[in-house]
Amino acid sequence: MKKLEQKFAEYCGVNEAIATSSGTTALDVVLKALGIGKGDEVIVPSFTFIATANSVLFQGAKPVFADVESETFCIDPEDVAERITKKTRAIIGVHLFGHPFDVDALSELCEDHSLVLIEDAAQAHGAEWDGKKVGSFGIGCFSLYATKNMTSGEGGIITTNDSELASRIRMLINHGRSDHHTHTILGYNYRMSDVHASIGVAQLERLDEMNEIRRRSADLLRNIHIEEVRHPVERDRAKHVYHQYVVLCESHEVREELKRYMLSHGVECGVYYPSPVQSQPLYRNKGYTVDTPVSQDISKRVLSIPVHPSLKREEI
Ligand SMILES: *Cc1c(COP(=O)(O)O)cnc(C)c1O
């Protein structure tokens, strides 16, 4: 486990990496270590995997949903700015599908309003903004679940340059221990096992190679021209690692037709995500209503097509 932490910290260019039992527990324990709780608000994108927002609910705090950009599908800094209140403590940006969110804009907002920037990098191991790895700008939370760009079977990892925060997190994930027989705070067992970590170490060694294969496949996919379909965008300052290759169809009907066509020809494809997070029953039942028009619109038009590293050129 120590070896994975050391190598991952080095890879991301940060001082500290802390291995956890999952990406969800990584997000959860970061918010706990920051002391975020009842009465606090945390801004999250409305278009992401539900775990991003749930990590806020776990604290008894309020997730506030911001809309995303139709170009990159990542959290929209302009919409975030409008949702900051006196209660806001942090922003969780998601480097969605392997493309970094606008790190500069969100960092600036965090600086101006004294907020903590958390990077949900569960889908973006190795992605870069201005030549620097994601997870090195705020507090990074990675998932090492089986489907991600690198895996340990199950697992997560937190990256930070704040050594005080890191030691608090290390206590929280290990029974509140400050040393072997001293339990100073209420802690959990959110540790990663050495067995899982050893898989993680082997995967990290191959991460750049795997991401390059994904990027090459993306280049091939990009040559497929369909009038009604827009390919994923890679911003000038961004390096995309294509956790998913997500196209944006002209309309919901085109998306459904393309999906049917591909499935009927034995090509797996899927919709990530079919609705904004706050449209899920969990959030609807809490009284959330949708007011993120871009998320609502694109959720009807996106389609993820295969880009995993074992995909062969002929198959593409
Ligand atoms: C996978 C994922 C998570 C959760 O990670 P787990 O390891 O499955 O708990 C959180 N956020 C995003 C964006 C994810 O894709």
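All values reported here derive from a predicted model rather than from experimental measurement. Counting starts at 1 for both ligands and their atoms, in listed order.
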**Report entry** Note, Thr184 side chain near Met171 side chain (heavy atom, < 4.5 Å)
**Finding:** yes
Can you sort out which atoms of ligand 1 are near [X], meaning under 4.0 Å from one of its heavy atoms?
| X | value |
| --- | --- |
| Gly155 | 7 (O) |
| Thr48 | 13 (C) |
| Gly23 | 5 (O), 6 (P), 7 (O), 9 (O) |
| Ala122 | 2 (C), 3 (C), 10 (C), 11 (N), 12 (C), 14 (C), 15 (O) |

Query raised in the report: Can you check whether His231 and Tyr245 have ring centres sitting under 6.0 Å from each other?
Result: yes
Report task. If the plane angle is over 60° it's perpendicular, under 30° parallel, otherwise tilted; pick one for Phe97 and Tyr273. Result -> parallel
Mind checking whether [X] contacts ligand 1 via backbone (N, CA, C, O), side chain (CB onward), both or neither, at a 4.0 Å heavy-atom cut-off?
| X | result |
| --- | --- |
| Glu154 | neither |
| Val94 | side chain |
| Thr25 | neither |

Report task. Report the member of Thr147, Asp120, Ile50 with the shortest heavy-atom distance to atom 11 (N) of ligand 1. Result -> Asp120
Requested in this report: Closest by any non-hydrogen atom to atom 2 (C) of ligand 1: pick that one out of His243, His95, Lys148, Gln123.
Outcome: Lys148
Query - Closest protein heavy atom to atom 7 (O) of ligand 1, given as residue, atom name and distance to 0.1 Å - result: Ser143 OG, 2.6 Å
Query raised in the report: Of all the non-hydrogen atoms in the protein, which one sits nearest to atom 4 (C) of ligand 1, and at what distance?
Result: Thr24 OG1, 3.6 Å
Requested in this report: May I ask you to decide if Cys249's main-chain N or O and Arg255's side chain share a donor-acceptor pair within less than 3.5 Å?
Outcome: no
